[in-house]
Every structure is written in structure tokens, then in C-alpha cells.
Amino acid sequence: MSNSAVISTLDRERTLQALESERFDLVVIGGGITGAGLARRATLSGLTVALLEGEDFASGTSSRSSKLIHGGLRYLAMGDVGLVRETALERKVIFRLAPHLAERRWMVLPVRSRAALLKFRAAVTLYERLGSVDRGDLHHNWSRRDLEREEPLLDRSRFPYACAFREYLTDDARLVLANLRAAAASGARLLNYAPASGIPLENGRAAGVEATCGLTGRPFRVRGSCVVNAAGPWIDAVRRMEEPDAPAQLHLSKGVHVVLPASRLPLRNILVMSTGDGRSIFAIRQRDVVFIGTTDTTYEHGPQVWPDISIDDVEYLLEPLPRYLSVEPLTRSDVIAAWSGLRPLVAQPGKKPADISRSDEVLLSRAGVVTVAGGKLTGYRPTVERVLESVARVLGRELPGAEEGPLPGGDFDGDLERLARSLVEEFGISEPVGARLARLYGCEAAEVARLGATPAAENAPLLNGEIDWSVMKEGAARLEDVVYRRTRVALYDSEAGPRIVEPVARRMADLLGWNPQRISDEVERTRGRMAADLSFGGPGT
Ligand code: FAD
């Protein structure tokens with residue numbers, strides 16, 4: 001088995017053959033954060049693992065989140081103290097495993113009065129205790145004068161005070177990839193574009209997974225002693241492969257984010273704003289953009305890879321801006337990108353999506369299939385531990401605990417500024433590109449730049465080396481994989497995004513042997529996707 005953290009699309013055929021010929025302790029359906037974290041953790045306990053992802057890795061909910069590694073202050077108000085403690089503690093762990101994927105940021109909660117400030121301080125203090133927050137990371141109370149310096153865009157005549165507390169910002173899809181690559185380093189066999197279509201039984205017990213190669217249409221079968229259904233919003237569909245009458249477990253809730261250029265909305269921190277219906281949403285500065293999210297509405301159209309975004313969603317997210325900030329009015333025409341995802345919440349009949357607990361639930365079927373529902377990106381490790389308890393029961397053996405070392409890219413002291421400077425010096429790239437590479441690839445950034453430090457197109461921030469790295473190390477098999485999930489250029493760079501689609505496709509074609517028809521299909525599909533993201537034609541919610 002392999003010992004390097006590589007998922008190479010060039011090796012796709014060999015991976016398929018291994019999946020067919022080997023027998024595994026564990027077959028995981030779903031390559032979001034839950035499946036990826038499980039694959040990583042199970043290999044550390046010595047299990048042999050296969051993982052099948054129907055689309056691209058992280059193409060489901062795990063690339064559509066608010067990208068916060070947070071305990072969720074609002075869940076305290078819901079009384080979910082256990083969940084808050086667990087996820088608040090996880091913040092430091094994820095920072096230790098992958099400092100480049102856990103950026104320490106201030107979350108700013110603006111308030112109108114001293115009395116309101118005192119109320120929030122009490123909640124934040126409890127939150128900090130639950131999360132064992134270090135002294136240097138404890139909250140600050142910002143006065144009007146502090147706000148003038150720290151968040152000048154906030155309308156201080158309305159909000160003269162704010163409580164600023166520590167949260168962490170990640171790149172959700174890259175956290176998934178880091179876990180998958182760590183699993184690959186310990187021998188896991190991982191394949192994207194490989195939808196599972198059946199769970200064959202032997203003597204009444206699940207004996208593996210039937211699947212198809214989504215790129216060639218070739219069916220194949222993976223043999224395994226335990227099957228885990230980590231299909232996120234699709235878990236009910238996977239359960240029905242085994243038990244056609246299985247009752248629905250999930251309440252799907254749609255969450256939309258819109259992206260605005262930071263030149264129009266030059267925020268510095270993560271800002272919490274209240275919506276007209278009393279919910280909290282975030283405005284989050286990331287590179288040269290600010291993204292705003294999220295909505296939380298019941299989604300009744302069944303699980304979809306690209307849930308629609310309606311104009312109502314967009315207006316709902318833009319509405320609070322003039323109430324909080326001193327900015328020119330912003331409208332849908334200022335939105336440069338948008339994404340929408342589905343929360344796989346464990347149904348609690350009678351409750352609105354916003355009131356449903358974000359806790360996870362692990363189910364074990366008669367045939368021994370383990371299904372995991374609900375959960376948070378932040379809490380993926382504790383979720384995975386609970387899944388592993390059921391896996392151990394199915395396998396009939398104890399699984400040893402394991403010390404988790406850094407994830408790929410995370411083996412450095414966390415000083416991203418120094419890392420970025422060294423990249424600028426070594427490769428002659430601009431400071432913003434150096435900073436972006438350090439954040440995306442951590443201590444592997446120099447290896448990425450060594451593959452090609454030239455821009456993918458004139459003045460584009462994306463380097464050719466990043467395209468090669470995506471294909472050779474991170475399993476990118478389609479153009480969309482590179483621009484949406486490996487580099488995020490489609491979401492965070494309205495200028496470069498459409499411009500570099502063709503150059504990226506040509507470079508991928510050189511690596512993967514695509515013919516002119518395939519290049520033009522990939523380009524058309526990705527451009528169509530980008531246009532659809534901004535059409536806001538979905539049904540109102
Ligand atoms: P997914 O990421 O959806 O993964 C399931 C995978 O299974 C998919 O990739 C899918 O393609 C695959 N699959 C489905 N069917 C099959 C099949 N038949 N064969 C093979 N593969 C299949 N959490 C936080 O901690 N912080 C946040 O800031 C945050 N913000 C959020 C904002 C929004 C709008 C949403 C929707 C969620 C947010 N969450 C957040 C929650 C978090 O994103 C999810 O809990 C988490 O990503 C779920 O991961 P998952 O692996 O269970 O599901």
C-alpha cells in the first residue's frame with residue numbers, strides 16, 4: 001500500500017483495480033468531511049479502508065459551509081451545551097493539526113448599548129470557558145474609539161460597542177482533502193466520481209458496495225466487512241439501497257452565501273448581523289472578497305448537488321448591510337459569486353430548521369450498515385469517534401486509539417506570514433499570491449510553486465503549479481474540481497475566474513490526455529455552472 005499523501009488522477013485506473021481486487025475492513029460511502037475524517041481515523045487504527053465519492057470529493061455540503069471552525073455561540077442559547085463544548089474545544093485541535101486551515105479571526109458582535117454588551121459578555125465568557133480558550137485569545141470589548149480603528153465600516157452611531165471574540169476560519173473543501181490525503185498516506189483507497197448504487201448482502205450482512213465509475217460508466221464492486229453510509233444529505237437514499245422502506249431520517253435545510261468584492265465592502269473581521277426575522281448571519285472577509293451567509297430554510301426538493309439560489313435568498317442576505325455599515329447600497333448586481341448547500345439535519349418534527357439541533361446521530365441497520373446523520377464540520381473528529389464505535393461492533397473487535405499527527409501541509413509552526421515571505425523570495429511571486437499559497441497549501445506551498453510558479457493566465461493569481469498539484473496530488477478529475485474546490489478561484493475571484501477557465505482546461509488536458517471535444521465540454525460545463533450560480537432563478541423559499 002502507498003505511504004505518501006497522494007490522490008493522483010493519473011493513477012485512477014490503478015485505484016479502480018485495487019478497489020475491485022482487494023478486500024477491505026471498511027467501505028465508506030461519501031467523501032465529505034465525515035467520510036474523509038473517518039477514512040483518516042480508521043486507517044490510524046489499522047483498518048484497511050476504501051472510500052467512494054459519487055461526485056467530486058467535498059462537492060456536497062462540505063464545500064458549501066460558512067467555513068467557520070466554531071463552537072456556535074447561538075447553540076448555547078438553544079441549550080446545546082454538550083455540542084458547544086465539544087466543537088469549541090475542537091477549534092484548538094484543528095489549529096494544531098492544520099494551522100493553515102484554521103485562521104484565527106475576531107468575530108465582532110455589534111451592540112447598541114452597554115447593557116447589551118454586558119449580556120453578550122456573559123455568554124461569551126461561558127463560551128470561552130467551555131472551549132478552554134487561551135488567555136491571549138480572550139474576548140475584547142470594543143468602544144466607539146476601538147471600533148474606529150478595528151472595524152471602521154461599522155455604523156458607530158447605531159452600534160457604539162462590540163464584543164470581539166475568537167473564532168477560526170477554514171477552507172472546508174481543503175480540510176476534507178487534507179483528511180483524504182492523510183488517509184491515502186496510510187493506505188486508504190479513495191475514488192471520486194464513483195457513485196455507490198447498491199449494498200450487496202452475504203448471509204444477511206452487508207458485504208461491500210456496488211458502484212460505477214462516473215467518468216467511464218464501468219460498474220465495479222468493492223468487498224468489505226463493514227459499510228459506512230456517510231452520504232450527508234443523501235443518507236436516506238443510501239439507506240434505501242439496503243432497506244427500501246427505511247423512514248426518512250433527515251430534514252434538509254438550505255443555506256445560501258453570496259460573495260461581494262471587498263472593494264465595495266471593506267470589512268476587516270467577521271461581522272455578526274441580525275436579519276429581519278431575528279436570526280444571526282455573518283459577513284466574512286476572505287482574500288479580496290466578503291461572503292455573507294447564511295439562510296436556513298427547509299428544502300423540499302430532495303438532495304441536490306447544486307441547490308437553487310433564489311432572488312429572495314439574495315435579498316434576505318443583503319438586507320441587514322445598510323442597518324450595520326456605512327456603505328453605498330449593495331444590490332444583486334454587486335454579487336460576484338454565490339453558493340448554496342444543504343444541511344443534513346436529523347429531523348425533529350415540528351421544529352423550524354434554525355431550531356433543530358446540529359448534533360449527530362449514528363444508526364446501525366440489521367445488515368450492519370452504519371449510517372451517520374447530522375453533525376458539524378467543526379465537530380467531525382468527535383463524530384467520527386462515535387461512528388468508529390459502531391464500526392468496531394460490526395467488525396467484532398476493539399479498535400486501538402490513535403495519536404493524530406499534523407494533516408498534510410500542517411507540519412509547521414503556524415507562522416503563515418513567514419511562510420508567505422519565503423515563497424515570495426524563493427519564487428519571485430507577488431505578496432498576495434504568496435499569502436494565498438501559504439494559506440491553501442501550508443508547508444507544501446513551495447512544492448506546489450516548484451511545479452510551476454507562472455500564472456495560469458496573464459495577471460491571474462492562480463499558478464500553473466496549482467493545476468498540476470490538484471490533478472497529481474488531490475484527485476481533481478474535472479475542470480470544475482480545480483476552480484471550485486481545489487483553488488476556489490470561481491468563488492473568490494470574479495475577474496480571474498471566467499478568464500482562466502480555458503487555460504486551466506488546456507493544462508489539465510496535457511496532464512490527462514483530454515481531446516479538443518473534452519476540453520470544450522469541460523469549459524462549457526464550468527462556464528454554465530458559473531452563470532447558473534448568479535442567475536438567482538430558483539423558486540422562492
Ligand atoms: P457532505 O459534505 O454532503 O458529504 C457527503 C458526500 O456523499 C457528498 O460529497 C456526496 O456527493 C456523497 N454521496 C452521496 N451519495 C453517494 C453515493 N450514492 N455514492 C457515493 N457518494 C455519495 N459546520 C461548521 O462546523 N461550520 C460552519 O460554518 C458551517 N456552516 C454551514 C453552512 C451551511 C450553509 C451548511 C449547509 C452547513 C454548514 N455547516 C457548518 C455544517 C457542515 O458543513 C456539515 O455538517 C458537513 O459539511 C457535512 O458533511 P458530510 O460529510 O456529512 O456531508
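All ligand and atom numbering here is 1-based and tracks the order in the structure. Residues take their numbers from the sequence shown, with the count starting at 1.
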| Shortest heavy-atom approach to atom 26 (N) of ligand 1 - which of Leu377, Thr61, Leu68 | Leu68
| said: Met273 vs Ile292, test: side-chain contact (heavy atoms from CB on, under 4.5 Å). Steps then yes/no. | reply: CA-CA 10 Å; Met273 299 180 292; Ile292 303 174; 4.3 Å; yes
| field | Glu522 vs Met508 side-chain heavy atoms within contact, under 4.5 Å | value | no
| message | Regarding Thr295 and Asp313, do their side chains bring together a donor and an acceptor under 3.5 Å, going by distance alone? | response | no
| task | Run the contact test for Met241 against ligand 1 with a 4.0 Å cut-off on heavy atoms, strictly below, and give the result. | result | yes
| query | Judging by distance only, is a nitrogen or oxygen of Ser66 under 3.5 angstrom from one on ligand 1? | reply | yes
| Are side-chain N/O atoms of Thr48 and Asp25 paired as donor and acceptor at under 3.5 Å? | yes
| said: Return the closest protein heavy atom for atom 8 (C) of ligand 1 as residue, atom name and distance. | reply: Glu53 OE1, 3.4 Å
| said: If the cut-off is 4.0 Å to any non-hydrogen atom of Gly341, which atoms of ligand 1 fall inside it? | reply: 36 (C)
| Does Thr378, backbone or side chain, put an N or O under 3.5 Å from an N or O of ligand 1? | yes
| said: List ligand 1 atoms under 4.0 Å from Leu52, heavy atoms only on the residue side. | reply: 20 (C), 21 (N)
| field | Contacting atoms of ligand 1, where contact means under 4.0 angstrom from a heavy atom of Gly30 | value | 6 (C), 7 (O), 12 (C), 21 (N)
| field | Any donor-acceptor N or O pair under 3.5 Å, side chains Lys473, Tyr441 | value | no
| request: Apply the test side-chain contact (heavy atoms from CB on, under 4.5 Å) to residues Arg485 and Phe57: give CA-CA distance (whole Å), side-chain angles for both, the deciding distance (0.1 Å), then the verdict. | output: CA-CA 9 Å; Arg485 288 171 290 276; Phe57 300 123; over 6 Å; no
| query | What about Arg64: any of its N or O atoms under 3.5 Å from an N or O on ligand 1? | reply | no
| note | atom 45 (O) of ligand 1 sits nearest the protein heavy atom Gly375 O, 3.0 Å
| task | Under 4.0 Å from a heavy atom of His70: give me the atoms of ligand 1 that qualify, with their elements. | result | 26 (N), 27 (C), 28 (O)
| note | Quick look: Ala230 vs ligand 1, heavy-atom contacts under 4.0 Å, and the answer is backbone
| Passing candidate, side-chain contact (heavy atoms from CB on, under 4.5 Å) with His257, options Ser66, Ser340, Ser65 | Ser66
| note | Ranking Ser62, Pro307, Ala237, Gly35 by closest non-hydrogen atom to atom 46 (C) of ligand 1, top hit is Ser62
| task | Mark up the atoms of ligand 1 that fall under 4.0 Å of a heavy atom belonging to Lys67, in ascending order. | result | 28 (O)
| message | I want to confirm something. Looking only at heavy atoms, which of Ser65, Ala196, Gly255 is nearest to atom 43 (O) of ligand 1? | response | Ser65
| message | Please classify the Arg358 to ligand 1 contact at 4.0 Å (heavy-atom distances, strictly less than): side chain, backbone, both or neither. | response | neither
| said: With the threshold set at under 4.0 angstrom, would you say His257 reaches ligand 1 through any of its heavy atoms? | reply: yes
| said: Could you tell me, atom by atom, which parts of ligand 1 come under 4.0 Å of a heavy atom of Pro233? | reply: 3 (O)
| message | Tell me whether Asp334 at atom CG has more than 12 heavy atoms from other residues, nucleotides or ligands lying less than 6.0 Å away. | response | yes
| field | Heavy atom of the protein closest to atom 15 (N) of ligand 1 (residue, atom name, distance) | value | Trp234 CB, 3.5 Å
| query | What part of Leu342 sits under 4.0 Å from ligand 1 if we count only heavy atoms: the side chain, the backbone, both or neither? | reply | backbone
| query | Side chains of Ser132 and Leu89: closer than 4.5 Å at any heavy-atom pair? | reply | yes
| Is the closest side-chain heavy-atom distance between Val256 and Tyr316 below 4.5 Å? | no
| Residues Ser62 and Asp172: side-chain donor-acceptor under 3.5 angstrom | no
| message | Counting only nitrogen or oxygen atoms and a 3.5 angstrom limit, does Gly54 reach ligand 1? | response | yes
| said: For the residue pair Tyr484 / Asp56, report whether a side-chain donor-acceptor contact shorter than 3.5 Å exists. | reply: no
